[in-house]
Amino acid sequence: MARAGGRIGGHSGILDGSLQPVFQPMQEIYDPAAVEAAAQRSWDEAGTFRAVEDPTREKYYCLSMFPYPSGRLHMGHVRNYTIGDVISRYMRMQGRNVLQPMGWDAFGLPAENAAMANNVPPARWTYDNIATMKRQLKALGFGLDWDREVTTCRPEYYRWNQWLFLRMLERGVAYKKTGTVNWDPIDKTVLANEQVIDGKGWRTGAVIEKREIPMYYLGITRYAQELLDEVEQLAGWPERVRTMQANWIGRSEGVTIAFPYTLEGQARQLKVFTTRADTLMGATFVAVAAEHPLAAHAARGDAALAAFVDECKRGSVMEADLATMDKKGMPTGLTVTHPLSGAAVPVWVGNYVLMGYGEGAVMGVPGHDERDFAFARKYSLPIVQVIDVAGQPYSTDAWQAWYADEGVCVCSGRYDGLDHAAAVRAIAADLQAQGCGSLQVQWRLRDWGISRQRYWGCPIPIIHCDACGDVPVPDKDLPVVLPEDLVPDGTGSPLAKLRSFIDCECPACGKAARRETDTMDTFVDSSWYFLRFASAGNEQAMVDGRVEYWLPADQYIGGIEHAILHLLYSRFWTKVMRDIGLVKISEPFSNLLTQGMVRNGIYFRKPASGRVVYYNPTEVEVLTDAKGTPIGARLKADGEPVESGGIGTMSKSRNNGVDPQAFIDRYGADTARLFMMFAAPPELSLDWSDEGAEGAFRFLKRLWKAVHTHVQAGPVAALDRSALAPADRDLRRLAHQTLAKVGDDYGRRRTFNTAIAAVMELLNAITRHDAASPDARAVVHEALDIAVLTLSPVVPHVTEALWHALGHPGSMVDETWPQPDPEALVQDAIELVVQVNGKLRGRISVAVDADEASVRAAALADADVRRHIGEMTVRKVIVVKGKLVSVVAA
RNA sequence: GCGCGGGUGGCGAAACUGGUAGACGCAGGGGACUUAAAAUCCCUUGCCGAAAGGCGUGCGGGUUCGAGUCCCGCCCCGCGCACCA
């Protein structure tokens with residue numbers, strides 16, 4: 001490893017002026033292209049970012065979400081990977097052994113769409129995109145270890161998906177059952193949710209139907225309790241992500257209730273789950289999903305009901321669609337028996353009941369559930385109040401929010417007077433005694449269906465034999481290799497039509513058999529790539545001992561849109577690998593940073609007829625009034641007005657993306673990185689601004705010029721700290737305050753925008769500073785060293801050049817982050833503000849160590865303060881140390 | 001619909017633990033330099049007001065000596081909702 005070692009540790013070197021600078025010749029003009037090429041070449045030649053396991057050094061694994069190779073890098077990637085690179089470079093300067101890897105989430109639907117559009121195999125399109133994007137990542141100067149590159153569409157990667165799937169199958173973690181998919185009846189193919197628009201197929205326009213097909217599932221619900229318990233312990237994760245995951249897993253304690261009924265002479269039970277068993281005596285109906293066997297049974301003799309069941313099966317499977325549609329129902333004519341009252345309860349089919357959740361049936365308590373209340377009013381079902389809250393008047397005319405509150409049972413026979421908890425306990429006990437129910441923990445989380453009826457994904461390693469059933473592919477035959485030369489046509493997976501792929505021998509009996517043609521969800525690929533980075537190149541095993549050194553990742557960075565699914569699946573997958581004995585960790589990511597979206601202005605014209613045309617902001621000129629307020633916009637090409645659609649996430653459909661490449665070509669990678677980090681804190685959405693980016697470039701030019709001016713003025717004497725002039729002391733204090741602040745912002749707060757603002761303030765002070773005396777020159781030199789050093793994680797190329805220009809022989813990347821000099825931070829007097837009755841009325845200057853009494857006296861003596869107190873009597877004086885004095889007078 | 005965030009000048013934002021609202025930057029205005037322009041540098045810029053001062057962090061209320069920050073209610077915007085990645 002290229003680590004110079006010791007030359008600038010802690011208190012020696014640059015910060016005490018003992019180093020005699022030897023200035024390098026320096027260009028007057030900042031030329032980003034030359035500076036960046038030189039810096040990147042020197043890192044490449046030194047192998048600076050190759051990570052090597054070293055048990056004697058503390059590691060730092062900085063992981064950014066790997067990109068889908070969609071074509072070219074977009075601004076979201078630049079933002080994501082710049083955040084990771086700043087943290088990586090900062091940690092390296094803290095002396096950590098840093099691993100920052102990169103790879104490609106290379107399977108997925110867009111490659112199939114591109115393949116159809118261009119008649120090119122998805123593999124070809126994908127590999128071309130990877131080459132382009134890799135070049136772009138290198139141009140941005142990220143300190144990545146490319147020796148560990150992982151590409152998920154390569155057999156050497158996905159064979160381990162298959163291998164682990166077989167291990168899960170052996171343990172029953174993976175299993176087969178039916179699942180619901182979107183079916184396009186014209187193309188006769190399964191569509192992704194994304195391909196269903198307003199309930200219709202995106203290519204055919206046909207009304208989509210729900211269809212039940214056999215699929216493989218991973219039993220994530222087995223880990224629900226552990227996933228929930230541990231997410232609450234992840235102190236390094238944002239609170240909001242932990243809350244979202246906990247809600248998604250959705251533990252609820254309640255009661256499973258069985259409503260007995262008789263069908264075709266047989267005694268059966270219809271099971272529902274509820275967290276409000278205390279309202280059971282108010283249940284006036286039960287509703288089942290359209291796919292429920294009872295619904296199917298009833299529909300056989302009832303054409304109207306059959307039509308309704310069919311109607312329920314139309315439309316997409318998306319939960320957001322199901323939750324927003326009109327609640328509709330129809331009676332089946334069947335009844336079940338209320339397990340406590342013995343009353344006959346009608347069974348309805350409800351379009352809002354999900355077959356995949358619980359047993360596909362719910363009890364209807366219109367008195368105390370808002371949705372059931374609306375349903376009962378619509379279909380004239382009885383509404384019964386069985387819960388009373390503090391004697392509030394109940395009316396079935398309109399829903400009131402308190403109806404759903406917990407209260408005391410009424411009209412519930414022997415349960416009257418019991419509160420929520422007592423009633424649930426009593427009812428559960430009575431149900432249990434009758435064999436009609438019991439207390440139960442229910443999860444919102446569902447098992448993970450991984451089968452996809454698509455080509456460009458990892459083949460599921462199963463062989464179907466008429467004699468032996470579903471037979472796992474033996475380990476020795478892995479990987480099941482995906483042919484890379486097919487082009488899909490939109491009518492189902494081309495794999496399912498490829499005899500040479502399908503036809504095979506049964507591994508068990510040797511007879512002719514059929515290979516499974518479904519592939520795995522691409523979330524499988526991304527659920528463990530971070531482990532493979534630590535075991536790169538191992539052809540014998542999925543992971544090896546290097547994982548123990550690097551994992552868990554110290555920092556994971558990626559978009560907030562992955563807050564639930566990807567992160568939950570990765571946590572689950574890690575636990576499965578732990579239980580198989582492959583890794584020792586339970587949680588893969590110690591710290592998580594969820595970055596916000598990158599947005600830009602939206603401009604369009606809406607022709608009288610035809611589709612809306614979107615114009616890229618680069619093609620548009622914004623018109624402003626005298627104060628700079630935007631008043632309109634026009635197209636540069638024809639000078640005619642365009643409409644403004646506000647600001648939105650950069651997307652192809654709205655044509656408001658900015659290609660980072662054009663920007664880098666013009667201003668350089670450092671300016672792109674600087675603007676991205678400066679414009680907003682990482683967790684907030686970031687609005688692109690050409691002018692703002694220009695400002696970032698201007699700042700780098702000013703920094704360059706400041707160093708150039710300083711260096712041109714000749715040699716600098718060693719800093720003599722004993723007798724600095726007040727102005728020099730002030731600049732030195734600011735420089736060391738900035739050093740402390742930037743380190744805190746990078747390391748603890750992760751607010752790169754405020755770190756950069758602090759360095760900007762420092763540079764402003766440096767350029768204003770009168771550097772005539774030798775002392776002043778020495779202080780300016782130290783301040784420039786600090787400015788360049790603290791900015792280096794953000795803009796590593798230009799700072800590398802400036803570091804040399806300031807007389808330091810080694811590479812900036814090998815520097816150690818220095819400690820601020822406590823002596824420089826010392827301050828004698830501070831300013832306090834004085835409030836009178838909460839309003840700012842005066843400012844006083846007091847000694848740093850002044851006691852409360854003297855601060856109080858100084859505040860009350862201030863002329864402005866006295867004027868505002870006037871005739872009033874001082875009732876109270878509050879002194880907040882180091883901040884303010886608050887005087888209460890009346 | 002459900003879950004989770006967010007809303008501060010003309011704009012991006014800052015204010016870290018309840019303590020000076022608007023640091024830093026962009027855009028705007030004025031000036032210097034220049035034959036001119038660009039670039040650069042200097043000054044200025046929340047709103048109202050001549051000033052004193054008043055008002056101001058989506059809206060309405062509350063707690064507090066003091067609220068952008070805490071509490072209650074509402075409005076708007078963004079992300080996710082299990083087959084986009």
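The sequence lines fix the lettering, A, B, ..., with proteins before strands; numbering per chain opens at 1. Worth knowing before you read on, the calculation uses all heavy atoms, side chains too, and leaves out hydrogens, waters and symmetry mates.
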Original post:
Distance only, no hydrogens: is a donor on one side chain within 3.5 Å (strictly under) of an acceptor on the other, for Thr189(A) and Asp184(A)?
Top reply: no

**OP:** Round to the nearest Å and state the distance from Arg72(A) atom CZ to rA85(B) atom P.
**Re:** 22 Å

Original post:
Contact class for Met520(A) (heavy atom, under 4.0 Å): base, sugar-phosphate, or nothing?
Top reply: nothing

Subject >> Contact letters for nucleotides 17-24 of chain B, in which S counts primed atoms plus P, OP1 and OP2 and B counts the base, heavy atoms under 4.0 Å >> reply: --BB--BB

**OP:** Tell me whether the guanidinium CZ or amine NZ of Lys327(A) lies under 6.0 angstrom from the six-membered ring centre of Phe375(A) and within 45° of its axis.
**Re:** no

Subject >> Position toward the 5' end of RNA chain B (nearest nucleotide), Ser685(A) or Glu691(A) >> reply: Ser685(A)

Original post:
Among Phe572(A), Tyr569(A), Trp448(A), Trp573(A), whose ring pair (Phe, Tyr, Trp, His ring centres under 6.0 Å) with Phe523(A) holds?
Top reply: Tyr569(A)

Original post:
Just checking, is any N or O donor in the side chain of Arg749(A) or Thr754(A) under 3.5 Å from an acceptor N or O on the other one?
Top reply: yes

**OP:** Could you measure between the two P atoms, the one in rC65(B) and the one in rG60(B), and give it in whole Å?
**Re:** 24 Å

Subject >> For RNA chain B, the dot-bracket pattern of Watson-Crick and G-U pairs whose distances stay under 3.5 Å, | for other-strand partners >> reply: (((((((..(((......[....))).(((((.......))))).(((....)))..(((((..]....))))))))))))....

**OP:** In whole angstrom, give me the gap between the C1' atoms of rC16(B) and rC11(B).
**Re:** 25 Å

**OP:** Could you classify rG56(B) for me, syn or anti, using a glycosidic angle within 90° of 0 as syn?
**Re:** anti

Compile the donor-acceptor pairs under 3.5 Å between side chains in residues 191-199 of chain A and protein atoms, sequence neighbours left out, one pair per line.
unit_1	atom_1	unit_2	atom_2	d
Asn193(A)	OD1	Asn182(A)	ND2	2.9
Gln195(A)	OE1	Ala192(A)	N	2.8

**OP:** Measure the distance from CG on Leu703(A) to P on rG25(B) and round it to the nearest whole Å.
**Re:** 13 Å

Original post:
Nearest of rC84(B), rC16(B), rA85(B) to any side-chain atom of Tyr68(A)?
Top reply: rA85(B)

Original post:
Is the Tyr158(A)-Phe107(A) ring centre distance short of 6.0 angstrom?
Top reply: yes

Original post:
What nucleic acid atoms does Val241(A) come within less than 4.0 Å of, heavy atoms only: base, sugar-phosphate, or nothing?
Top reply: nothing

Measure all distances between protein nitrogen or oxygen atoms and nitrogen or oxygen atoms of nucleotides 50-58 of chain B, and list the pairs falling under 3.5 Å.
unit_1	atom_1	unit_2	atom_2	d
rG53(B)	OP1	Arg867(A)	NH2	3.3
rG54(B)	OP1	Arg841(A)	NH2	3.0
rG54(B)	OP2	Arg841(A)	NH1	3.3
rC55(B)	OP2	Lys839(A)	NZ	3.4

Original post:
Does Arg867(A) come within less than 4.0 Å of Asp864(A), counting only side-chain N to carboxylate O?
Top reply: yes

**OP:** Could you pick out which residue, Leu686(A) or Asn182(A), lies toward the 5' side of RNA chain B when each is mapped onto its nearest nucleotide?
**Re:** Leu686(A)

Original post:
Taking the P atom of each, how far is rU40(B) from rG54(B), in whole Å?
Top reply: 41 Å

Original post:
Is the Tyr157(A)-Trp528(A) ring centre distance short of 6.0 angstrom?
Top reply: yes

Original post:
Rounded to whole angstrom units, what separation is found between the CD atom of Gln595(A) and the P atom of rG78(B)?
Top reply: 19 Å

**OP:** Tell me which nucleotide among rC84(B), rG3(B), rU40(B) gets nearest to the side chain of Asn247(A).
**Re:** rG3(B)

Subject >> Between rA52(B) and rA15(B) - P atom distance, rounded Å >> reply: 30 Å

**OP:** Quick one: label Lys881(A) by what it contacts on the DNA or RNA (base, sugar-phosphate, nothing), any heavy atom closer than 4.0 Å.
**Re:** nothing

Subject >> Between P of rU40(B) and NZ of Lys701(A), the distance in whole Å >> reply: 5 Å

Original post:
Roughly how far, to the nearest 0.5 Å, is the CH2 atom of Trp443(A) from the OG1 atom of Thr221(A)?
Top reply: 9.5 Å

Original post:
Say you pick atom P in rG18(B) and the same atom in rG9(B); how far apart are they, in whole Å?
Top reply: 23 Å

Original post:
C1' atom, rA32(B) versus rU57(B): distance in rounded Å?
Top reply: 38 Å

**OP:** Provide the distance between the two P atoms, one in rC48(B) and one in rG56(B), to the nearest whole Å.
**Re:** 15 Å

Report all side-chain donor-acceptor pairs from residues 834-846 of chain A shorter than 3.5 Å, counting only partners two or more places apart or in another chain.
unit_1	atom_1	unit_2	atom_2	d
Asn837(A)	OD1	Ala889(A)	N	2.9
Asn837(A)	ND2	Ala889(A)	O	3.0
Arg841(A)	NH1	His868(A)	NE2	3.4

Subject >> Qualifying residues under side chain to side chain contact (heavy atoms under 4.5 Å, CB included), relative to Thr243(A), sequence neighbours excluded >> reply: Glu239(A), Asn247(A)

Original post:
From rC84(B), rA82(B), rC79(B), pick the nucleotide closest to the side chain of Met597(A)?
Top reply: rC79(B)

Subject >> Protein-nucleotide distance (Arg768(A), atom CZ; rC41(B), atom P), rounded to Å >> reply: 12 Å

Original post:
Say you draw a straight line from CD of Glu683(A) to OG1 of Thr751(A); how long is it, rounded to the nearest 0.5 Å?
Top reply: 10.5 Å

**OP:** Output the distance between atom OH (Tyr455(A)) and atom CG (Leu495(A)), rounded to the nearest 0.5 Å.
**Re:** 7.0 Å

Original post:
Rounded to the nearest Å, what distance is computed from the CH2 atom of residue Trp443(A) to the P atom of nucleotide rG3(B)?
Top reply: 19 Å

**OP:** With heavy atoms under 4.0 Å as the rule, sort Pro681(A) into base, sugar-phosphate or nothing.
**Re:** sugar-phosphate

**OP:** Measure from the side chain of Tyr569(A), starting at C-beta and using heavy atoms only, and say which of rU40(B), rC4(B), rA82(B) lies closest.
**Re:** rA82(B)

Subject >> His566(A) NE2 - rA85(B) C1' separation (whole Å) >> reply: 10 Å

Subject >> Side chain of Ser689(A) - closest among rC26(B), rG80(B), rA82(B) >> reply: rC26(B)

Subject >> Gap between atoms CH2 and P, on Trp104(A) and rA85(B) respectively (whole Å) >> reply: 17 Å

**OP:** Look at the side chain of Arg240(A) and decide which nucleotide, out of rG5(B), rC84(B), rG80(B), has an atom nearest to it.
**Re:** rG5(B)

Original post:
When the C1' atoms of rG68(B) and rG19(B) are considered, how many whole Å apart are they?
Top reply: 13 Å

